[in-house]
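Below: one structure, written as structure tokens.
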Amino acid sequence: LARPMLVHDSHTTWEFNGSFYHSSSFILASIPGLEAAHFWMAIPLCSIYIVAVAGNCAVLFIVKTEPSLHAPMYFFLCMLAAIDLALSTSTVPRVLSFYWFNTKEISFGACLLQMFLIHSLSAIESTILLAMAVDRYVAICHPLRHSAILTNALTVKIGLVAMARGVLFFLPLPLLLLPLPFCRSRVLSHSFCLHQDVMNLACANTTPSVVYGLTAILLVMGLDALLICISYALILRVVLQLASWKERLRAFSTCIAHIGVVLAFYVPLIGLSVVHRFGRGLAPLVHVAMGDVYILVPAVLNPIIYGVRTKQIQRRILSLIHIYKFRTSQ
């Protein structure tokens, strides 16, 4: 029998009479039956994105201009705000372009870059959440040593370590996918690129990519989640040793905002992982919706949670609103 004929060009490798190619692009997922409503569906998505950008920019501005917030906890909050801005901006504008201008295709290189940004930024955010949990542990369990242990210099170093950790752990993901041939279906399950989604379209052996991806997730997000739980177990043990319920509630109330932010990050992450693992028979709407929730929910909720729980941020926001009203009324 004659061997299948291969044709090469600068972008695509095709195997005729075979079943693979190296695609120059992928097709972003749409919701079957709702293509005509894409324009209107993009409006609430754009509104949520604007709220996320405005909220996180407000956090950055308020922490910078409010001297009483120049503390490690709020520097970590600024790092979260910057990460959420980068994460949402690396995905949502492309999704809006898809919905409004029907630009379904995303190039192979752009897809790998977007995938790397999503996973590495999520890993950095997970590390910062762990650092915030440690900050709460030191503040409650060792209050007299808090300012000596968590200095501003150490906070900056933790941010740099978090960045290096996210990049080093997740840079191999696109590199492992780069040489793989892909099956004839180019349609993704989401309106942006994720490692599991792209990997499932490959028709070569993906075992190294599967093993490394799972290992990276467990060593970063999984380990961080475990250490956060341990931190709160230690905090709870100390809080329960306080004399009165009033003191216990006052001590633990300083953790409420951080617990809310942790849940806003990990619940969508776990939900998306479950959908990827067990949801192959689910409707495409579920995959698209879970992807959007994973990207946007932390970015929207983080500034709201800390705005509600932090009096200095509340006062600063109210003063900015009063200044704006005064200037517009003149």
Side-chain angles (χ1 to χ4, degrees), residues 48-89 121 124-163 228 231-232 235 247 249-265 296-330:
I48 295 172
Y49 174 62
I50 291 172
V51 170
V53 170
N56 286 288
C57 287
V59 167
L60 291 171
F61 175 77
I62 290 170
V63 173
K64 179 182 177 181
T65 57
E66 183 63 44
S68 63
L69 296 178
H70 291 178
M73 188 66 176
Y74 298 104
F75 290 147
F76 289 138
L77 180 59
C78 285
M79 294 178 194
L80 282 186
I83 294 166
D84 288 334
L85 283 172
L87 184 57
S88 58
T89 302
L121 289 169
I124 297 170
E125 183 160 358
S126 177
T127 307
I128 297 301
L129 289 174
L130 172 59
M132 296 172 79
V134 173
D135 174 83
R136 291 298 84 204
Y137 165 76
V138 176
I140 293 174
C141 300
H142 305 284
L144 298 179
R145 300 171 56 194
H146 180 260
S147 58
I149 294 174
L150 282 170
T151 62
N152 291 344
L154 181 60
T155 303
V156 173
K157 291 177 182 177
I158 291 173
L160 294 175
V161 169
M163 187 180 301
I228 289 171
S231 297
Y232 274 104
I235 290 172
E247 292 178 349
L249 291 174
R250 185 171 56 193
F252 198 73
S253 66
T254 62
C255 302
I256 297 299
H258 179 253
I259 292 173
V261 169
V262 168
L263 292 176
F265 175 78
L296 285 173
V297 163
V300 172
L301 289 185
N302 289 353
I304 294 175
I305 291 171
Y306 270 94
V308 169
R309 295 295 305 177
T310 308
K311 292 182 179 179
Q312 297 96 318
I313 294 179
Q314 292 178 17
R315 287 198 298 264
R316 188 62 174 164
I317 291 175
L318 290 175
S319 67
L320 291 174
I321 292 174
H322 288 317
I323 293 171
Y324 175 77
K325 288 182 177 180
F326 177 76
R327 290 180 176 177
T328 54
S329 64
Q330 287 184 335

Output for pair (Phe265 CZ, Ile228 CD1), nearest 0.5 Å, gives 8.5 Å
Give the intermediate values and the outcome of side-chain contact (heavy atoms from CB on, under 4.5 Å) for residues Val300 and Ile48.
-> CA-CA 7 Å; Val300 172; Ile48 295 172; 3.4 Å; yes
Separation between OG1 (Thr155) and CD1 (Ile128), nearest 0.5 Å, reads 9.5 Å
When rounded to the nearest 0.5 Å, the distance separating CZ of Arg315 from NZ of Lys311 is 8.0 Å
query: Are Ile140 and His146 close enough that some pair of their side-chain heavy atoms sits under 4.5 Å apart?
result: no
For residues 70-88, run the donor-acceptor check on the side chains, cut-off 3.5 Å, and write out each pair with its distance to 0.1 Å, sequence neighbours left out.
unit_1	atom_1	unit_2	atom_2	d
His70	NE2	Val63	O	2.9
His70	NE2	Lys64	O	3.2
Asp84	OD2	Asn302	ND2	2.8
Ser88	OG	Asp84	O	2.8
Ser88	OG	Leu85	O	3.3

Rounding to 0.5 Å, atoms CD (Gln314) and CD1 (Ile62) come to a distance of 10.5 Å
Check step by step if side-chain contact (heavy atoms from CB on, under 4.5 Å) holds for Val134 and Ile158.
CA-CA 11 Å; Val134 173; Ile158 291 173; over 6 Å; no
**Report entry** Check: Asp135 side chain, Ala131 main-chain N or O, donor-acceptor pair, under 3.5 Å
**Finding:** no
One should read off an interatomic distance between Leu301 CG and Leu263 CG, to the nearest 0.5 angstrom, of 10.5 Å
Hits for side-chain contact (heavy atoms from CB on, under 4.5 Å) against Ser147, two or more places apart or cross-chain, chain-then-number order -> none
Residues 249-259, side-chain donor-acceptor partners within the protein, below 3.5 Å, at least two apart:
unit_1	atom_1	unit_2	atom_2	d
Ser253	OG	Leu249	O	3.3
Ser253	OG	Arg250	O	2.7
Thr254	OG1	Ala251	O	2.6
His258	ND1	Tyr232	OH	2.6
His258	NE2	Leu129	O	2.9

*asked:* Under a 3.5 Å threshold, yes or no: a donor from one side chain and an acceptor from the other, between Glu66 and Ser68?
replied: yes
Here the gap from Leu318 atom CG to Ile313 atom CD1, rounded to the nearest 0.5 Å, amounts to 12.0 Å
